[in-house]
Amino acid sequence: MDISDILQGLGSRSAERDPFAEDLDDPFAADRGQQSGQADLQALTRTWVNERGAAELLPWPRDGLIERATNRIKQQIELVEQMTGDMDPKTNFSLIIIQTEVERWKFLIRSYLRARIAKIHKHTLHYLSTPALLERLSETEVAYATRHQQLLHNHYLSSFLGSFPQNLQNLNDTAGGISMITGPDEDGGVFVRGLGSRDIGGEGTIIVRGRGRDGDGEVEVERGEVVVARWSDVRDLVEKGEMELV
């Protein structure tokens, strides 16, 4: 048996066992809203890149993307455990590929969550004090951010805030019209790629309305074209899925 024999039988085995792959037995799954493994992987990768590139916290995926990805990983781990004791060379080669794919999915999810946690740590009060921004967090992230802020405030009280007058112990004071709560830099520059207008099926150009020192303007961005813009000018387009960060 050589490597060609192993690779020949790999395709059929992967289709039968791989929850990350397309649903070959149900070609109409996508029409019923059931996402395939490849579609989820593409969506997860795009979500990860957008989160790492955006200055502020992006909305948590409400379509169950993270939950589906986590479930697929669990299925693959169970499959790996079942195949571990199999001494068949074809199965062992498949096992290596499956383990590599599992690690790729785990990396994307971990890196995505770490990027969100870093933003929560940096501007906790900013997200907790604004209802519209609070909706961007998942239930677990809300609980985490709330507990994190409580521990931080208690630490400040025991360290130095406790010696201040009562009216100076708040961390969200807005006296004098100046807020102590800082937020992310929404005017920072980002690289974005056009994905086409969602109104016409991902085709056509996208209008980016930008603000400049000398005046405001509009730029037409073709599908696949990469431009540099302020995050605040393309935020809505990224959230609509008409542009993505690169």
Side-chain angles (χ1 to χ4, degrees), residues 35 39-66 69 108-138 141-142 144-145 149 171-172 174 176-246:
Q35 298 295 326
D40 277 345
L41 179 59
Q42 182 180 9
L44 180 60
T45 303
R46 180 171 294 169
T47 301
W48 167 63
V49 173
N50 287 342
E51 191 65 59
R52 285 175 58 87
E56 61 182 344
L57 199 67
L58 298 181
W60 176 264
R62 301 298 180 182
D63 59 352
L65 172 63
I66 304 301
L108 289 175
I109 293 180
R110 287 173 177 170
S111 182
Y112 171 70
L113 295 179
R114 285 171 179 164
R116 293 181 64 85
I117 290 176
K119 295 178 182 179
I120 293 174
H121 279 181
K122 192 172 183 179
H123 304 290
T124 308
L125 278 178
H126 174 68
Y127 295 110
L128 291 179
S129 59
T130 309
L133 296 178
L134 191 61
E135 294 180 356
R136 298 187 173 200
L137 281 66
S138 66
E141 289 175 334
V142 171
Y144 175 83
Q149 186 60 37
L171 298 179
N172 57 351
T174 57
I178 301 177
S179 176
M180 294 179 59
I181 302 176
T182 60
D185 181 14
E186 299 181 0
D187 290 332
V190 294
F191 289 87
V192 287
R193 179 189 293 115
L195 299 177
S197 175
R198 295 179 61 90
D199 298 333
I200 53 177
E203 301 296 335
T205 60
I206 305 168
I207 304 299
V208 177
R209 296 175 174 84
R211 296 172 293 108
R213 293 182 179 179
D214 300 330
D216 301 341
E218 295 182 354
V219 177
E220 292 187 358
V221 180
E222 300 285 346
R223 179 180 175 86
E225 184 179 358
V226 177
V227 297
V228 182
R230 284 190 174 96
W231 167 245
S232 57
D233 294 335
V234 298
R235 173 174 49 206
D236 294 339
L237 297 173
V238 172
E239 293 182 358
K240 286 174 58 179
E242 294 184 341
M243 303 194 81
E244 65 177 354
L245 295 172
V246 294

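As the structure is a computational prediction, the values presented were derived from the model and not from experiment.
- Without hydrogens or angle criteria, E242 side chain to R198 main chain gives a donor-acceptor distance under 3.5 Å.
- Of all the heavy atoms in P184 and A55, the pair that sits closest is CB-O, 3.3 Å.
- Considering only residues two or more places apart in sequence or on other chains, V190 meets the side-chain contact (heavy atoms from CB on, under 4.5 Å) condition with V192, W231, V234, L245.
- Counting only distance, with no hydrogens or angles, the side chain of H126 and the backbone of I181 share no donor-acceptor pair below 3.5 Å.
- Looking only at side-chain heavy atoms (C-beta outward), L57 and H123 stay at 4.5 Å or farther from each other.
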I would like to know whether L44 and I66 meet side chain to side chain contact (heavy atoms under 4.5 Å, CB included); could you show each step before the answer? CA-CA 8 Å; L44 180 60; I66 304 301; 3.9 Å; yes

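- The backbone N or O of L195 sits less than 3.5 Å from a side-chain atom of R223, completing a donor-acceptor pair.
- We find the CD-CG distance between E244 and N50 to be 6.5 Å, quoted to the nearest 0.5 Å.
- A distance-only check finds no donor-acceptor pair linking the side chain of Y144 to the backbone of I117 [under 3.5 Å].
- Once rounded to the nearest 0.5 Å, the distance linking CG of D40 with CD of Q42 reads 10.0 Å.
- Every residue meeting the side chain to side chain donor-acceptor pair (under 3.5 Å) condition with E51, not counting sequence neighbours, appears here in chain and number order: R116, K119.
- Interatomic distance, L125 CG to T182 OG1, rounded to the nearest 0.5 Å: 8.5 Å.
- Interatomic distance, T47 OG1 to L65 CG, rounded to the nearest 0.5 Å: 5.5 Å.
- Between D187 atom CG and D185 atom CG the span is 6.0 Å, to the nearest 0.5 Å.
- Classification of the W60-Y112 ring pair by plane angle, with boundaries at 30° and 60°, yields tilted.
- The heavy-atom pair separating A145 from I120 by the smallest distance is CB-CG2, 3.7 Å.
- D236 contributes atom CG, which lies 12.0 Å from atom CE of M243 (distance to the nearest 0.5 angstrom).
- E220 has its side chain out of reach of I206: every pair of non-hydrogen atoms, C-beta onward, lies at least 4.5 Å apart.
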